[in-house]
Amino acid sequence: MGKALVIIYITAAVLLLFLISHSPSPSNKPKRHRRLKLRSNFTFDSHPTHHEHIPFDPLVAQIERQREDKEWEKQYIDTHHHQLIHEHAPGQESQPEWEDFMDAEDYLNDEHKFNVTDRLVLLFPKIDVHPSDGFVTDHELTDWNLEQTRKEVLHRTQRDMEVHDKNHDGFVSFHEYEPPSWVRNSDNTSFGYDMGWWKEDHFSASDIDGDGLLNITEFNDFLHPADTSNPKLLHWLCKEEIRERDSDKDAKVNFNEFFHGLFDLVRNYDEESHDTSHHSEDSQESPARKLFAELDKDGDGYLSEAELLPIIGKLHPSERYYAKQQADYIIQQADADKDGRLTLKEMIDSPYVFYSAIFNEDDEDYEDHDEFR
């Protein structure tokens, strides 16, 4: 059955490509397409200000990772090289030479012969797997997005581990870990050390086996606690929420602290199209009290760490949340017949919905690129 489906996919794809390439056109000019530009999500020792777009195409993601790695290597080695010179040989500040990035590396253009249609034909059967029925559903696209973003996150974690694993034993101890500069230099008491995100209790909560060291999986959880399944780390997240919201310092969250600090986050998670300008405090107090009462299991009028656990995933959305958001948007834009799922033809007809993260929107005078059929 599996081989038959593969043959059907290939036959349908070839036929579709043939029809597209031989379809009549009102003009003899080649179809105009936007020039696709690589994203630059590289950050070094800084606080991310927004959630990064999930890469749809593994090939594009691989090219971007290679580019990021070069930028990381350049900045990391340059930084440490400068520190060594400053410590051991002041006055001799010669720096290694690095090649500038060329256009062929910045853009997926004629040099790469990147054919969007060919890529979608290749990727379609890899996404359409639950079940393999010729349609891509929201669930299948969410799973695909999540798989891609997990690869991205783990790659960056491995790169960060190279920085912090000072003795190169494959583990990071608490004393080896250096918080990023935005934590060390923060004057805002809601961030950094005062919030506890980079303190020893955060490290210990991430240390599942309790050996005092973080392996790559534990270190990944340490850097991305919203995506963990570690109960100790989830409990720590609840503890940090109480510490941040607890204005009267009684180690619990009362209704006012919940209403003015947490309820909006929960509501925004549940209602993605929520607009705070349309909701007054009075209109929202009733649903807030209802949710507060549901969470307050012992009825003491306060929320403890354990009682916050049911909503911690809404206070700290996981990568699956963002993967589904992106999947919903893609299907909304590309689903021509509005049946809630995508065919291969619908995907080919709306290629830039999938590659919108990398095409250069600022390039109004974009060129003709026959390779983007």
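Note that the numbering runs from 1 along the sequence shown for the chain.
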Spell out, as yes or no, whether a donor-acceptor pair under 3.5 Å connects the side chain of [X] to the backbone of [Y].
X: D221; Y: S206; answer: no
X: T137; Y: E140; answer: yes
X: H235; Y: E305; answer: no
X: E176; Y: K166; answer: yes
X: E162; Y: R159; answer: no
X: E346; Y: T343; answer: yes
X: D207; Y: D211; answer: yes
X: D165; Y: G170; answer: yes

- Short side-chain donor-acceptor distance under 3.5 Å, H139 and D143: yes
- Query: Can a donor-acceptor pair be found between the side chains of D227 and H316 at a distance below 3.5 Å?
  - Reply: no
So, do [X] and [Y] sit near enough that their side-chain heavy atoms are less than 4.5 Å apart?
X: D264; Y: Q284; result: no
X: L262; Y: L308; result: yes
X: L154; Y: R150; result: no
X: Y322; Y: T149; result: no
X: L141; Y: F56; result: yes
X: H224; Y: N220; result: yes
X: L295; Y: F258; result: yes

- Query: Hydrophobic clusters join Ile, Leu, Val, Met, Phe, Trp and Tyr when side-chain heavy atoms are under 4.5 Å apart, directly or via other members; which others share one with L213?
  - Reply: F171
- Would you mind listing the cluster partners of V153? Hydrophobic ones only (ILVMFWY), side-chain contacts under 4.5 Å, chaining allowed. none
Verify same cluster id: [X], [Y] (apolar side-chain graph, 4.5 Å):
X: W144; Y: V121; result: yes
X: I208; Y: F222; result: no
X: L59; Y: I127; result: yes
X: L291; Y: I242; result: yes
X: Y302; Y: V253; result: no

Gap separating the [atom1] atom of [X] from the [atom2] atom of [Y], nearest 0.5 angstrom:
X: F263; Y: N268; atom1: CZ; atom2: CG; value: 9.5 Å
X: I348; Y: L120; atom1: CD1; atom2: CG; value: 6.5 Å
X: K239; Y: L234; atom1: NZ; atom2: CG; value: 14.5 Å
X: E307; Y: D296; atom1: CD; atom2: CG; value: 5.0 Å
X: L303; Y: N254; atom1: CG; atom2: CG; value: 9.0 Å
X: E285; Y: N256; atom1: CD; atom2: CG; value: 8.0 Å

- Query: Can you name the residues that form a ring pair (Phe, Tyr, Trp, His ring centres under 6.0 Å) with F255, not counting sequence neighbours?
  - Reply: F259, F292
Test salt bridge (charged side-chain N to carboxylate O under 4.0 Å, His left out) applied to [X] - qualifying residues, sequence neighbours left out:
X: D339; value: R341
X: K314; value: D270
X: R65; value: E152
X: D300; value: K252

- Given the rule in the side-chain contact (heavy atoms from CB on, under 4.5 Å) test, do L233 and H202 qualify, once you have shown the distances and angles that lead to the verdict? CA-CA 7 Å; L233 197 50; H202 176 199; 4.0 Å; yes
Atom of [X], atom of [Y] and distance for their closest heavy-atom approach:
X: F124; Y: G134; value: CZ-O, 3.5 Å
X: P317; Y: A226; value: O-CB, 3.6 Å
X: N145; Y: I54; value: O-CG2, 3.3 Å

- Message: Once side-chain contact (heavy atoms from CB on, under 4.5 Å) is applied, do any residues pair with H175, and if so which ones, sequence neighbours excluded?
- Response: S173
- F354 pairs by side chain to side chain contact (heavy atoms under 4.5 Å, CB included) with which of V60, L123, V116, I330? I330
Identify, with sequence neighbours excluded, every residue that meets side-chain hydrogen bond (donor to acceptor under 3.5 Å, both in side chains) alongside [X].
X: D138; answer: none
X: S247; answer: E257
X: D57; answer: R119, Y355
X: N167; answer: D169

- Lys/Arg N to Asp/Glu carboxylate O, K249 vs D246, below 4.0 Å: no
- Message: What I want to find out is whether D160 reaches R156 closely enough, with some N-O distance under 4.0 Å, to be called a salt bridge.
- Response: no
- Can we call the ring centroids of Y321 and Y269 under 6.0 Å apart? yes
- Identify the residue among Q332, K324, Q326 that makes a side-chain hydrogen bond (donor to acceptor under 3.5 Å, both in side chains) with D328. K324
- Are there more than 12 heavy atoms of other residues, nucleotides or ligands under 6.0 Å from atom NZ of K290? no
